Amino acid sequence: MGKSRTKRFKRPQFSPTGNCQAEAAAAENGTGEEDDDGPAAELLEKLQHPTAEVRECACAGLARLVQQQPVLPDLARRDAVRRLGPLLLDPSLAVRETAAGALRNLSACGGFEVCDDMVTKDVMTPLVALLKECSAGLDSNEVSPQEKKDQRSSAIENIANEAVNVLWNICECSSRAVSIFNKEGCLEIVLKYLSRFSTNVDLAISVAHCLQTVTEDNPELLKSFSAAGLQVLESAMLCPVSSMEYALLKTLIAGTIWNLKDIIPSKSQAEIINATLKILSEVLEMDAGEIVIQMKEAETQRLKTAAETEEILKNVNGDDLIEDDEMEEIPHKRKVRRKNFVSDLLPPTDKELRETIAVLTAQQTALEVVVNMCCTEDPSDDEWEELSSSDESDVFMENSLSECGGQLLSPLCLSHETHTALTNCLIPKKVFEKTAFPNSVAVDICSRNPTWKPLIRKMNTIQCRALMCLQSLVSLLDVDHLGGPPALQTLAQHLSQLLFSQPDFAKHADFLEAISGALRALLQTMASKNIPQCMTPDQLMTLCKAGIHSSNVGVRVNVVSILGITGSVLAREAGTLETLKTIGCFLLEVATKDPSLVVAGEALDALFDVFADGEEAEKASIQIKLLSTLKEFQPVFKTKIRKEGRGKYSPDQLCVLDNVKMNLRRFVAYQETVEKRLTS
């Protein structure tokens with residue numbers, strides 16, 4: 001079906017983890033009961049309590065409880081969103097913060113349906129009002145006495161951070177929420193928050209996540225961007241601070257600015273692209289594995305030093321220390337509860353872990369931005385692959401970056417200068433490096449520490465994103481920009497080694513989809529340029545036999561296409577009869593038995609490519625009874641399209657399937673002439 005369509009990435013939602021003492025106290029007596037006496041009913045009842053501290057504690061308990069999937073239906077049945085929403089405007093700042101935290105966790109853990117339901121239940125009204133009040137509060141606070149100013153600003157910024165995360169999660173999942181964002185003037189508010197990046201990077205990162213989401217495919221919002229707003233983005237992106245968290249902030253802003261490229265004057269576009277790619281390049285330059293190792297060592301040393309210091313102080317102060325602790329016990333506990341009642345964008349644990357997660361998130365984001373740069377808006381004959389990903393967010397990835405005209409709109413038509421900029425920033429080289437398996441020492445360190453263990457998955461995700469990014473670059477760039485034919489052959493060997501170094505590769509669905517997509521694009525490019533392929537037919541058949549049993553439609557489409565590409569090359573060579581027969585039988589089996597019309601259509605298209613020409617291909621087609629099998633299958637395929645098509649496939653996919661159906665009729669007629677010629 002031609003080149004595979006590049007998928008676009010939406011910003012992933014961060015899976016939060018509640019960690020407040022108040023939450024634990026409120027939810028420890030139950031985990032998933034749905035009866036009237038369960039924890040959900042009790043906590044929701046306490047939301048109406050006249051005492052602010054009780055309401056705060058109930059919100060914190062709900063923030064923890066919503067992370068348990070079984071309780072979500074019960075919370076929906078009890079109208080938790082409508083009960084929590086008004087507390088966003090509670091007289092108590094602490095209650096506002098915990099209510100926002102509970103809604104944040106609910107929106108992150110509940111997924112698309114929960115977020116859409118939150119919009120239906122009008123959570124956006126109090127949420128927008130809260131964002132506006134926080135903005136006004138920060139303005140009025142500028143004239144307060146310094147001590148009160150700092151204390152109140154910190155509280156307001158904490159509330160704003162939670163509220164922005166709720167906004168981000170909901171806008172990620174609901175177009176209605178994005179429409180409300182546009183109409184209510186939320187852009188100006190969040191840009192004001194972003195302008196505080198030099199003093200509150202956590203809030204700025206939350207805003208940057210939100211902005212990257214709402215600026216994607218949103219021409220209405222683009223009209224609202226003023227020169228002052230663009231200046232705020234530019235200031236944040238070019239901030240001289242080089243910490244790991246600021247690296248994440250800059251990367252997110254770079255992705256947002258790419259979304260806004262249509263409103264940037266043409267004379268400035270080259271400069272903006274170069275600045276964006278420079279940031280992405282710097283982030284990808286970091287060795288994530290070494291950073292994990294170094295930061296874990298730093299954490300270990302810090303904790304050791306802290307323990308030694310505590311022991312010394314205990315020996316020196318004796319009972320006095322205990323007495324001081326008792327005097328400070330109540331305010332200390334209140335402070336901890338109010339500060340740590342819900343998860344932050346990055347888990348509020350030790351700073352080494354926070355910074356390491358920031359680096360990994362920045363690298364994942366950078367790779368996703370490069371993929372989006374390479375995404376085409378032109379309709380392709382692979383439109384049906386839109387439903388192939390296991391990622392829920394892919395339902396939002398149907399459109400390209402821009403609907404308007406201009407030099408930089410369709411990345412498959414990107415200017416030569418942009419191609420050069422990608423190469424000059426060494427983006428292809430750095431992406432290639434990220435396709436390697438994660439550092440084994442770093443993985444071992446993380447696996448032995450529960451709080452660091454989730455980083456293993458993030459490192460694996462970076463590898464998969466790099467493979468998908470590689471697929472895009474190989475499809476987009478000229479062979480010379482990729483290093484020439486020798487570089488492509490080296491790349492093919494590298495991908496082969498990655499694949500077959502894992503005996504159980506078929507069990508890793510994300511990895512298999514990513515690497516099969518990269519191989520598909522690479523082999524297509526090599527075939528189109530007559531570059532000899534390095535993978536043996538046996539290796540390819542091993543991949544395809546494993547991949548065709550995947551539940552992921554994208555994997556099955558990729559492996560079928562790979563066989564079509566390889567077979568069409570082999571059909572022009574002598575001595576390939578047996579291999580072509582193996583490929584043909586495999587593709588016929590898939591075309592006639594795969595439950596997905598998407599995969600079946602791709603298999604038919606691959607058969608057309610393999611057996612379109614060549615002496616060996618003609619002999620193979622006779623021996624595997626290609627013509628009779630396709631003749632028998634032709635009416636079945638036509639019936640399946642008519643019966644299943646409308647309910648299961650998009651209009652674009654149906655259009656492609658109709659083309660396959662027409663090509664099948666033509667191919668059968670062609671095979672009839674071949675068979676007559678060879679048997680006469």
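What you see is a predicted model, and the numbers here were worked out from it, not measured in a lab. Computation of the quantities below employed the complete heavy-atom set of this structure, encompassing side-chain atoms and omitting hydrogens, waters and symmetry-equivalent molecules.
Annotation: side chain of Gln634 is not in contact with side chain of Phe667 (no heavy-atom distance under 4.5 Å). Counting only heavy atoms from C-beta outward, the side chains of Lys661 and Arg665 never approach each other to under 4.5 Å. A heavy-atom distance below 4.5 Å is found between the side chains of Ile583 and Met541. Counting heavy atoms from C-beta on, the side chains of Met459 and Gln463 never come closer than 4.5 Å. Contact annotation: the side chain of Leu473 approaches that of Cys374 to within less than 4.5 Å [non-hydrogen atoms, C-beta and beyond]. With contacts defined as side-chain heavy-atom distances shorter than 4.5 Å, the pair Ser281/Ile427 qualifies. At least one side-chain heavy atom of Met373 sits less than 4.5 Å from a side-chain heavy atom of Leu277. A heavy-atom distance below 4.5 Å is found between the side chains of Phe586 and Ile548.
Distance alone, capped at 3.5 Å, is enough to place a donor-acceptor pair between the Gln489 side chain and the Pro532 backbone. Although no hydrogens or angles enter the test, the distance criterion places a donor-acceptor pair under 3.5 Å between the side chain of Asn552 and the main chain of Gly554. For the pair Ser496 (side chain) and Ala492 (backbone), a donor-acceptor distance under 3.5 Å is absent. In this structure, the side chain of Thr566 does not engage the main chain of Leu563 through any donor-acceptor pair within 3.5 Å. Between the side chain of Thr582 and the backbone N or O of Glu578 there is at least one donor-acceptor pair closer than 3.5 Å. Thr576 contributes no side-chain N or O that, together with a main-chain N or O of Thr579, makes up a donor-acceptor pair within less than 3.5 Å. A side-chain donor-acceptor contact under 3.5 Å links Thr120 to the backbone of Asp116. Panel note: side chain Thr251, backbone Thr365; no donor-acceptor pair is recorded below 3.5 Å. The closest donor-acceptor contact from the side chain of Ser516 to the backbone of Leu512 lies under 3.5 Å. Checked by atom type and distance alone, the side chain of Ser174 never pairs as donor or acceptor with a backbone atom of Ile170 at under 3.5 Å.
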Inset, instruction - Show the numbers, then the answer: is there a side-chain contact (heavy atoms from CB on, under 4.5 Å) between Lys261 and Thr276? - result: CA-CA 11 Å; Lys261 65 187 181 304; Thr276 299; over 6 Å; no

Legend entry - Steps toward side-chain contact (heavy atoms from CB on, under 4.5 Å) verdict (Thr673, Lys676): CA-CA 5 Å; Thr673 62; Lys676 286 179 183 178; 5.7 Å; no

Inset, instruction - Could you please spell out the steps behind the side-chain contact (heavy atoms from CB on, under 4.5 Å) verdict for Lys631 and Glu672? - result: CA-CA 10 Å; Lys631 268 188 166 182; Glu672 287 176 339; 2.8 Å; yes

Legend entry - Stepwise salt bridge (Lys or Arg N to Asp or Glu O under 4.0 Å) test for Asp613 and Arg572: CA-CA 8 Å; Asp613 193 19; Arg572 300 193 294 267; over 6 Å; no

Inset, instruction - Report the C-alpha distance between Glu216 and Gln212 in whole Å, list the side-chain angles of each, state the deciding distance to 0.1 Å, and finish with yes or no for side-chain hydrogen bond (donor to acceptor under 3.5 Å, both in side chains). - result: CA-CA 7 Å; Glu216 197 166 20; Gln212 194 181 14; over 6 Å; no

Inset, instruction - Would you sort out whether Val598 and Tyr649 count as a side-chain contact (heavy atoms from CB on, under 4.5 Å), showing the intermediate values? - result: CA-CA 9 Å; Val598 168; Tyr649 304 100; 3.6 Å; yes

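The shortest non-hydrogen separation linking Leu72 to Val66 is CD2-O, 3.5 Å. Taking all atoms of both residues into account, the shortest heavy-atom contact from Ala617 to Val610 is CB-O, 3.6 Å. In terms of heavy atoms, Phe611 sits closest to Ala620 at CE2-CB, 3.9 Å. The shortest heavy-atom contact between Val569 and Ala527 is CG2-CB, 3.8 Å. When every heavy atom of Ala254 is checked against every heavy atom of Leu280, the shortest pair comes out as CB-CD2, 4.4 Å. Residues Met118 and Ser107 approach most closely at SD-CB, 3.8 Å, considering heavy atoms.
Phe608 has its ring centre no less than 6.0 Å from the ring centre of Tyr670.
More than 12 non-hydrogen atoms from other residues, nucleotides or ligands lie less than 6.0 angstrom from CD of Glu644. Atom NZ of Lys625 has 12 or fewer neighbouring heavy atoms from other residues, nucleotides or ligands inside a 6.0 Å radius. Atom CD of Glu573 is surrounded by more than 12 heavy atoms from other residues, nucleotides or ligands within 6.0 Å. Counting heavy atoms of neighbouring residues, nucleotides and ligands inside a 6.0 Å radius, atom CD of Gln493 exceeds 12 of them. More than 12 non-hydrogen atoms from other residues, nucleotides or ligands lie less than 6.0 angstrom from NZ of Lys581.
Going from atom CG of Leu523 over to atom CD of Gln533 covers 4.5 Å, rounded to the nearest 0.5 Å. Note: Leu604 CG to Thr592 OG1 = 9.0 Å, rounded to the nearest 0.5 Å. Taking CZ from Arg556 and OG from Ser550, the interatomic distance works out to 7.0 Å, rounded to the nearest 0.5 Å. The distance from atom CZ of Arg520 to atom CG of Asn558, rounded to the nearest 0.5 Å, is 5.5 Å. How far NZ of Lys430 is from SG of Cys469: 13.0 Å, rounded to the nearest 0.5 Å. Note: Ile462 CD1 to Lys434 NZ = 7.0 Å, rounded to the nearest 0.5 Å.
Side-chain atoms of Glu368 and Gln364 form a donor-acceptor pair, as typed in the model, at a separation below 3.5 Å.
The residue from Leu367, Val431, Leu495 that alone fulfils the side-chain contact (heavy atoms from CB on, under 4.5 Å) condition with Leu467 is Leu495. For the side-chain contact (heavy atoms from CB on, under 4.5 Å) criterion with Met526, the lone passing option out of Leu491, Ile565, Val479, Leu488 is Leu488.
Ring planes of His209 and Trp168: parallel class, angle under 30° (limits at 30 and 60°).
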